[in-house]
Chemist: 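Sharing a structure here in C-alpha cells format.
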Amino acid sequence: LGLLHGMSWVVAACVAIGWAGLGLAPARVGASTAPPPACLTWYDTTSHVSANRVHRSVGDFGAVGDGKTDDTKAIQAAIDAHRGTSLQKAPATVYFPPGVYLVSDTIVIYFHTYLFGPPSGWSAHPECRATLVLAEGASGFGSTTALKPLIATNNGFNRTMDGQWWVDPVDKNMLFFSQIHNLQLKLGESNVGATGILWAVAQQTSLRNLSIDAGGAYSALDVGVATNPCLYARGCHSCGGGGTVENIDITGGNYGIRTSASQWLFKSITITGSRVAGVSIPSNAWTLSMIDLHIFDVPIGMEILQNVSNVVLLNSSFGNIGTGAAINVPGGADLLLSGVSVVGGAWVVNGSLKANAIGTTNVDLWKLKGVVFVDGRQLPSEGSGEIPLQSLAGRVPIALRARPDIVHEVVPWNVLDSGARGDGISDDTVALRTAALEHLVLFIPHGTYVVSDTISLRDGARVIGEGLSMLKLADNAPGYGDERSPKAVIRTPAVEDASVLIADIALSAGHRNYGAVLLEHAAGPASSFFDFHVQLFYAVHTGVHVTGAGGGLFQNMWIWGADHNLTDNSKMAPHLSADTHWLGAQSGVRIDSAGPTWLVGTAAEHHRETMYNITGARDVALLGSQTEQPYWNRDIVGTPACDAKAVTVHGSERVVFWGAVWCSWFCNLKNGLANFTTNKATAVFSVWSNGAAESVVGDHRISVGKFVADI
C-alpha cells in the first residue's frame, strides 16, 4: 500500500487505483462526462447500496463538463435529487467527473451533502481534474455591495423554506455532515462581487483539497462570515461554527479567506496575491485555530478588525507583505503566535511585535492581550509579550498529515461483495468480519450497517467510507448491556507499531447498550482517523477510547450525544430517565495511552460525565477542540446535566490544548468546567469558556473565561 499526496503519477486504466481524498470517484457517469481512460479508477464500476439512492454523478443529470455548456441546472438537479420532503434532507454524495463545468448562478448545498471531484494526486493530468468556472459577467456577481457566492450552504445563503432542511430558515448552527473535496474553482476577472464558497456550517463538516483562483472576485472563501454592514445580497443571518478547512490553495481576489463566528480549524492553506488581505476576520469569533498557513505577496497577511476572543496561529509563515505588517490588529484580539516566521517587513504584529527588516523573524511563543497563568499564578501584565512557557510550546508537536489519496496494486474490497447489505435492518456482522479478516483495504459504500458484535481490524487495515457510512450497534446487542463490563464495537490491534486508517465513517448504537465502547483504539501513532463521527441517541459507556500503546491522528471528529432528533428537531429529554442511563457516553473521548495522540479539529458534546477524559496519558495535543455540556436533561431533576465536565486531565504528562472552546449554556456550573489534577508539563493555550464561576479547578483554580495557562 502506498500513500501518496500531491505527487505526479501515470496509471493504466485497468490497474490504477485512486480516490477523491478517500471520498472516491463515481459509480457511473453520463456519456458526456466519461473520464479519459487515464483517469479511470476501480470506483467507476464498484457497487453501491442501491436502495438509498445516495450516490450520484452530475453527468447523470446532464452536466457536460466541456467548459462551454452551462451546467448550473444539471449540477443543482444532481444535488437536489432524492433528498426527500421531510425537514431533514436525505444524504447525497455528488461526484464531478473530470471536466470543466461552466456555472452562471449559485450552487446551493444542504445538510449532509458531499461534493467531490477526482483524486488530488492527478497533478500531472489536467484532464483528470474537475473545475467549476463562473461565467464571465454572470448575472448578480458584479457588485461589491451585494456579494453572491458560487457555492453556498443552504443556511449560509438564507434560502427560503422551499429548500430549507431545518424549521428555522435562518438557523446558523444546524447544517452538519457536509463536505467539499477535490475541486478547482475559477471565479473570473469581471465577477467583482463573487465569492467562491460561502461556508456556514456546524460540526462534522470539511473543505479539503481545493484550489480557488479568485481572479477579480471579492473573496475566495467566506467561512462563517457575518459582517456589519452585511455585504451579501440575500442576508447574513447565518454564520455557523465547526468543522475543518484543510489543504486549500488560493490565488487572487480582494481577500483569500474571510472568517468569523464561533470556532473553526484551518490547516495547511496557501494564499497568494490577494489585493487587500490574505485572511480577514471582520467580526467576533470565540476561537479560531490555524496551523500551517502560508501567506505571500499581499498588502496585509492577516487583519483582525474586531475584538476577537482567541486567534491561535501555529507553524505558519508570511512573506513579501506590501504594507510591512504581517498581522494587523486594529480591533484588538487575544492573539497567540507559536512557530511563526516572517520574511522581511517592519512588523510581525503591527505596532506590537517588530520584525527584522532584512532576513527572517521567528516567533517562538508570543501573545497579544489576554491573561496568563504560570503554575496557577496569574502574571501581573495582560499586555503583549513573550510567554515564559517556551519549553512547552513544542513538546507535543501537531502532526500535519493530510487525508491521503491511496494508490496500490490491489482493488479495495467492497464489503457488499462479502454479503453486507447496509440497509439499516439486516445484521451485517458476519459479512463485515469476513471482509476485515480476508482483506486489509475495505470500501464501505454509504449506508447503515447493523452489527451485533465486535469488528476487529488487523494491522495495516484501511477502512474507507463514503459520505459518513454508518456502522450501528443493534438494540440490546449481546454482551453490551452492562456498563461495568465495557465492550468494543470497533477494535484496532493492541500493537505499538501497528497502524490503521479509517476515513468517512460514522458509528452509532441502539438502546440498552450501556457497556458499549464505539471505538477501542490501541494501535500505534502511525494510525489516522479522518472525518470520523460518533452519533449517540442512547446511552453507551465511551465514544472513543485510546488506550495501551494507542495513538495517532484524529482529524475532523465529532463525538455527539444527541440533544435533538435530526429528523424532526424534537427534544430528546422527554425520552430520558435514570432507567435509560440518560444519554450520551460516560466519556465522549477517553485517552489513557502512551501516545503520542493528536486531536485536530474535534468536538465532544452532551456526555454524562466528561467530554474529554485524559487520565494516565502521555503526549496528547489538542488543536481546535470544542465541548458543550449535556443540556438535553437540564429540566429533569436528578440528571447529571449540571455536573458534567468539559475536560478532565488527571495523572497525565505532556498534555497541551491549543485553541479550545468549553461551553455550558444552561447551567452555571459551581464546580468548574475543567478539572486538572496531578499532571506534569500540561498547558492550555487560548481558551474561550462560558457557564461556570471557575473555568479550571483541581490543583489550581482559574476563574477567568479566556486565558493561557501552565497548569
Chemist: So do the side chains of Phe530 and Leu553 get within less than 4.5 Å of each other, counting heavy atoms only?
Modeler: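 The answer is yes, as the side chains (C-beta and beyond) meet within the 4.5 Å cut-off.
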Chemist: Got Phe554 and Val546 here, is their nearest side-chain heavy-atom distance under 4.5 Å?
Modeler: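 Heavy-atom side-chain distance check passes, below 4.5 Å.
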Chemist: Of all residues at least two apart in sequence or in a different chain, which pass the side-chain hydrogen bond (donor to acceptor under 3.5 Å, both in side chains) check with Thr272?
Modeler: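 Once residues adjacent in sequence are excluded, Thr272 has no partner under the side-chain hydrogen bond (donor to acceptor under 3.5 Å, both in side chains) criterion.
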Chemist: Measure from the side-chain N and O atoms of Ser289 to the backbone N and O of Val312, and report whether any donor-acceptor pair falls under 3.5 Å.
Modeler: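 Looks like no, no N/O pair under 3.5 Å.
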Chemist: Below 4.5 Å, heavy atoms only, C-beta onward: do Tyr612 and Leu599 meet side chain to side chain?
Modeler: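 The answer is yes; the side chains approach within 4.5 Å.
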Chemist: Rounded to the nearest 0.5 Å, how far apart are CG of Leu198 and NZ of Lys148?
Modeler: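 If I round to the nearest 0.5 Å, the distance is 13.0 Å.
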Chemist: List the atom of Ile109, the atom of Ile180, and the distance in Å for their closest heavy-atom pair.
Modeler: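 Looking at all heavy atoms of both residues, the closest pair is CD1-CD1, 4.1 Å.
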Chemist: With a 4.5 Å heavy-atom cut-off, do Met611 and Pro630 have their side chains touching?
Modeler: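 Sidechains of Pro630 and Met611: in contact.
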Chemist: Identify, with sequence neighbours excluded, every residue that meets side-chain hydrogen bond (donor to acceptor under 3.5 Å, both in side chains) alongside Ser528.
Modeler: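 Residues passing side-chain hydrogen bond (donor to acceptor under 3.5 Å, both in side chains) with Ser528: Arg401.
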Chemist: Side chain to side chain contact (heavy atoms under 4.5 Å, CB included) for Cys663 and Trp688? Distances and angles first, verdict last.
Modeler: CA-CA 8 Å; Cys663 297; Trp688 185 94; 3.6 Å; yes
Chemist: Quick one: does any side-chain atom of Asp504 pair with a main-chain N or O of Leu468 as donor and acceptor, under 3.5 Å?
Modeler: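 Side chain of Asp504 to backbone of Leu468, a donor-acceptor pair under 3.5 Å: yes, one is there.
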Chemist: Quick one: which of Phe176, Phe529, Phe532 gives a ring-ring contact (aromatic ring centres under 6.0 Å, His included) with Trp558?
Modeler: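 Answer to the ring-ring contact (aromatic ring centres under 6.0 Å, His included) test with Trp558 among Phe176, Phe529, Phe532: Phe176.
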Chemist: Which donor-acceptor pairs under 3.5 Å do the side chains of residues 297-304 make with protein atoms, sequence neighbours left out?
Modeler:
residue: Asp297; atom: OD1; partner: Asn320; partner atom: ND2; Å: 2.5
residue: Glu303; atom: OE2; partner: Ser280; partner atom: OG; Å: 2.8

Chemist: Between Phe111 and Phe177, what is the ring plane arrangement, given parallel below 30°, perpendicular above 60°, and tilted in between?
Modeler: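 The rings of Phe111 and Phe177 stand perpendicular, inter-plane angle above 60°.
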Chemist: Look up atom CD1 in Ile291 and atom CD1 in Ile269, then write down how far apart they are to the nearest 0.5 Å.
Modeler: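 One finds 11.5 Å between CD1 of Ile291 and CD1 of Ile269.
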Chemist: Do the side chain of Ser260 and the main chain of Gly224 share a donor and acceptor less than 3.5 angstrom apart?
Modeler: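 Looks like yes, one N/O pair under 3.5 Å.
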Chemist: Looking only at heavy atoms, which two atoms of Trp662 and Val684 are closest? And how far apart?
Modeler: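 Shortest heavy-atom contact: CH2-CG1, 4.3 Å.
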Chemist: Could you tell me the separation between the CG atom of Leu336 and the CE atom of Met290, rounded to the nearest 0.5 Å?
Modeler: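 The CE atom of Met290 is 12.5 Å from CG of Leu336, to the nearest 0.5 Å.
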Chemist: Can you find a pair of side-chain heavy atoms, one from Ile197 and one from Pro149, that are under 4.5 Å apart?
Modeler: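 No, side chains not in contact.
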Chemist: Indicate yes or no: at least one non-hydrogen side-chain atom of Phe296 is less than 4.5 angstrom from one of Ser317.
Modeler: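 Yes. Closest side-chain heavy atoms under 4.5 Å.
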Chemist: Out of the candidates Ile295, Leu313, Asn350, only one should pair with Ile327 under the side chain to side chain contact (heavy atoms under 4.5 Å, CB included) rule; please name it.
Modeler: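 Filter result, single survivor: Leu313.
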Chemist: Could you measure the distance from the NE2 atom of His294 to the OG1 atom of Thr270? Nearest 0.5 Å is fine.
Modeler: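 One finds 5.5 Å between NE2 of His294 and OG1 of Thr270.
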Chemist: Carefully, step by step, assess Trp560 and His533 under the rule side chain to side chain contact (heavy atoms under 4.5 Å, CB included).
Modeler: CA-CA 8 Å; Trp560 182 57; His533 179 46; 4.0 Å; yes
Chemist: Can you name the closest pair of heavy atoms from Asn671 and Val697 and give their distance?
Modeler: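 Heavy atoms of Asn671 and Val697 come nearest at O-CG2, 3.4 Å.
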Chemist: Look at the side chain of Ser316 and the backbone N and O of Leu314, then say whether any donor-acceptor pair between them is shorter than 3.5 Å.
Modeler: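 Looks like yes, one N/O pair under 3.5 Å.
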Chemist: Decide yes or no on side chain to side chain contact (heavy atoms under 4.5 Å, CB included) for Ser309 and Asp334, but give the supporting numbers first.
Modeler: CA-CA 6 Å; Ser309 295; Asp334 283 24; 6.0 Å; no
Chemist: Mind listing the closest non-hydrogen atom pair of Leu673 and Asn690 along with its distance?
Modeler: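 Looking at all heavy atoms of both residues, the closest pair is CD1-O, 3.7 Å.
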Chemist: Would a distance-only check, ignoring hydrogens and angles, find a side-chain to backbone donor-acceptor pair under 3.5 Å from Thr259 to Val223?
Modeler: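 Answer holds: yes.
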Chemist: Check for a donor-acceptor pair, side chain of Thr106 on one end and backbone N or O of Val108 on the other, with a separation under 3.5 Å.
Modeler: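 Looks like no, no N/O pair under 3.5 Å.
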Chemist: Please collect all salt bridge (charged side-chain N to carboxylate O under 4.0 Å, His left out) contacts where either partner lies in residues 688-709, sequence neighbours excluded, each pair once.
Modeler: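 The answer is Glu694-Arg701.
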Chemist: Do any N or O atoms from the side chain of Asn209 and from the backbone of His181 form a donor-acceptor pair under 3.5 angstrom?
Modeler: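 It does not hold such a pair.
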Chemist: Give a yes or no answer on whether the side chain of Thr153 reaches the backbone of Ala200 with a donor-acceptor pair at less than 3.5 Å.
Modeler: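 Side chain of Thr153 to backbone of Ala200, a donor-acceptor pair under 3.5 Å: yes, one is there.
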Chemist: Any ion pair linking Lys186 and Asp213 (charged N to carboxylate O, less than 4.0 Å)?
Modeler: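 Salt bridge between Asp213 and Lys186, a charged N being under 4.0 Å from a carboxylate O: no.
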Chemist: Tell me if a side-chain donor or acceptor on Ser178 pairs with a main-chain N or O of His112 at a distance below 3.5 Å.
Modeler: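 The answer is yes, because a donor-acceptor pair under 3.5 Å joins these two groups.
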Chemist: Could you note down all residue pairs passing salt bridge (charged side-chain N to carboxylate O under 4.0 Å, His left out) where residues 240-252 supplies at least one of them, sequence neighbours left out?
Modeler: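 Salt bridge (charged side-chain N to carboxylate O under 4.0 Å, His left out) check on residues 240-252 returns Arg208-Glu246.
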Chemist: Identify the heavy atoms of Val348 and Thr361 that sit nearest to each other, and give their distance.
Modeler: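 It is CG2-CG2, 3.8 Å.
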Chemist: Does Phe373 reach the side chain of Val696, with side-chain heavy atoms less than 4.5 Å apart?
Modeler: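 Answer no - side chains too far apart.
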Chemist: Hey, does the side chain of Asn679 reach the backbone of Val649 with a donor-acceptor pair shorter than 3.5 angstrom?
Modeler: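 It does hold such a pair.
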Chemist: In Å and rounded to the nearest 0.5 Å, what is the CG to OG1 distance from Asp531 to Thr244?
Modeler: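 So the gap between those two atoms works out to 6.5 Å.
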Chemist: By the definition side-chain hydrogen bond (donor to acceptor under 3.5 Å, both in side chains), identify the one residue from Gln203, His606, His607 that meets it with Glu628.
Modeler: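 Option passing the side-chain hydrogen bond (donor to acceptor under 3.5 Å, both in side chains) with Glu628: His606.
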Chemist: For Ser695, check side-chain hydrogen bond (donor to acceptor under 3.5 Å, both in side chains) against everything at least two apart and list the hits.
Modeler: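 Ser689.
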Chemist: Start with the C-alpha distance between Thr615 and His650, add both sets of side-chain angles, then the distance that settles side-chain hydrogen bond (donor to acceptor under 3.5 Å, both in side chains), and finish with yes or no.
Modeler: CA-CA 5 Å; Thr615 300; His650 172 73; over 6 Å; no
Chemist: Which pair of heavy atoms, one from Gly345 and one from Ala355, lies closest together, and at what distance?
Modeler: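 Shortest heavy-atom contact: O-CB, 3.7 Å.
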Chemist: Rounded to the nearest 0.5 Å, how far apart are NZ of Lys367 and CG of Leu337?
Modeler: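 Here the interatomic distance stands at 12.0 Å.
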Chemist: Is there side-chain contact between Ser338 and Leu365, with at least one heavy-atom pair below 4.5 Å?
Modeler: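 In contact.
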Chemist: Passes side chain to side chain contact (heavy atoms under 4.5 Å, CB included), Val534 versus Met557? Steps please.
Modeler: CA-CA 8 Å; Val534 174; Met557 177 177 72; over 6 Å; no
